[in-house]
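First comes the structure, then the notes that go with it.
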Amino acid sequence: MTTEDERGARLAAQLDSFRLETRLPNLVLRPPVSNDGPNMQARTRDMRNTQFLPHLHAKVSQPLSEVHEWIELMRRDFGTRCLFLLVEFDGQVIGESGLGFLDWSHSQAEAGIMLSHQVWRRGLAYEALLASVRFGLEQLGMDRITLGTLEDNVGMRALLRRMGAGEGTPRVRTDGRLERVYEVTSQNLAVV
Ligand SMILES: CC(C)(COP(=O)(O)OP(=O)(O)OC[C@H]1O[C@@H](n2cnc3c(N)ncnc32)[C@H](O)[C@@H]1OP(=O)(O)O)[C@@H](O)C(=O)NCCC(=O)NCCS
């Protein structure tokens, strides 16, 4: 087993006890469990939440069985390939964040976030994403965390600017839409 495999395996072993604290005492991230299915399904079915996430548009009528399959996959790959986490605020699940595409050999990963529209603009996404990104950089030893968002996702772009990621690099997606790819490192990360 290589060192990279060991790091992933160590994390995977924590699946049932893993908690990622944020700077807010009532905001915490944790892996999903089967009971989270209905909550996740409801968020993904609401186009207000997914308007800038084209890959989720087809899931607007996703059956619960598929959400459960997704949860199982995220639990199976936890630590080795991804760190998919639900965001809990005051004990209620309000969204999803964490890391994806863990690339242990190149020390990089992707991050993302989606919160339910009812809780936007309270600073919760910044804190949840900050915790995810910092965990990747500081605890997992990743050199960079990348994030992509559509050009017209004004909210996410402002949040990333605030996080120190600048304006990102424009790129045309395969569907022709313009997106921006951002990179957060220990050097540019802005903790405000
Ligand atoms: C993008 C998203 C995560 C932002 O969540 P949020 O909880 O509203 O973000 P925060 O409250 O932490 O915002 C932090 C800062 O980002 C900026 N910001 C966030 N939303 C903004 C908006 N709609 N317009 C302008 N600036 C915005 C602001 O600077 C804000 O600070 P302020 O409220 O003090 O001005 C949320 O809108 C969301 O989940 N959208 C749907 C999913 C999505 O598009 N995810 C990104 C995919 S890549």
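Read the numbers this way: they start at 1 and go in the same order the structure lists the ligands and their atoms. Residues take their numbers from the sequence shown, with the count starting at 1. Basis for what follows: all heavy atoms, side chains included, without hydrogens, waters or symmetry-related copies. These figures come from a predicted structure and were not determined experimentally.
- W120 CZ2, 3.2 Å is the protein heavy atom nearest to atom 40 (N) of ligand 1.
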**Item:** Candidate pair E151 and R177, rule salt bridge (charged side-chain N to carboxylate O under 4.0 Å, His left out), full reasoning
**Value:** CA-CA 8 Å; E151 174 80 11; R177 297 183 71 168; over 6 Å; no
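- Distances from atom 35 (O) of ligand 1 to the heavy atoms of R121, R162, R122 put R121 nearest.
- The atoms of ligand 1 that sit less than 4.0 Å from any heavy atom of T149 are 48 (S).
- Side-chain heavy atoms closer than 4.5 Å link hydrophobic residues (I, L, V, M, F, W, Y) into clusters, and following such links, even through other members, never connects L99 to L86.
- Side chain to side chain, D46 and T44 fail the donor-acceptor criterion of an N or O pair below 3.5 Å.
- At least one donor-acceptor pair under 3.5 Å links the side chain of S132 to the backbone N or O of G98.
- Looking at atom 46 (C) of ligand 1, its nearest protein heavy atom turns out to be I113 O, 3.4 Å.
- Ranking protein heavy atoms by distance to atom 39 (O) of ligand 1, first place goes to L115 N, 2.8 Å.
- Those atoms of ligand 1 that come under 4.0 Å of a heavy atom in L53, given as number and element, are 42 (C), 47 (C).
- The shortest N or O to N or O distance between N153 and ligand 1 is below 3.5 Å.
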Worksheet entry | Trace of the side-chain contact (heavy atoms from CB on, under 4.5 Å) decision for L53 with M114 | CA-CA 9 Å; L53 301 168; M114 171 172 67; 3.6 Å; yes
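- The nearest heavy-atom contact from the protein to atom 13 (O) of ligand 1 is L159 CD1, 4.3 Å.
- Shown here for L137 and V184, the closest heavy-atom pair between the two residues is CD2-O, 3.9 Å.
- Under the 4.5 Å side-chain heavy-atom criterion for Ile, Leu, Val, Met, Phe, Trp and Tyr, L29 and M40 are members of distinct hydrophobic clusters.
- One finds a salt bridge joining R30 and D36 here, because a Lys/Arg side-chain nitrogen approaches an Asp/Glu carboxylate oxygen to under 4.0 Å.
- The closest approach between any non-hydrogen atom of G95 and ligand 1 is not below 4.0 Å.
- Residue G148 approaches ligand 1 through these ligand atoms, each under 4.0 Å from one of its heavy atoms: 48 (S).
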Practice task
Evaluate the criterion salt bridge (charged side-chain N to carboxylate O under 4.0 Å, His left out) for residue pair R157 and D152; output intermediate values, then yes/no.
Solution key: CA-CA 8 Å; R157 290 188 53 200; D152 45 3; over 6 Å; no
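- Taking every heavy atom of N49 and a limit of under 4.0 angstrom, the matching atoms of ligand 1 come to 41 (C), 42 (C).
- Ranking the protein heavy atoms by distance from atom 12 (O) of ligand 1 puts Y126 N, 2.8 Å first.
- Within the set G123, A128, G155, A158, the minimum heavy-atom distance to atom 19 (C) of ligand 1 is found for G155.
- A heavy-atom separation below 4.0 Å is not found between G112 and ligand 1.
- When each atom of ligand 1 is checked for a heavy atom of A125 under 4.0 Å away, the hits are 3 (C), 4 (C), 5 (O), 6 (P), 7 (O), 9 (O), 12 (O).
- There is no side-chain donor-acceptor pair under 3.5 Å between R144 and T185.
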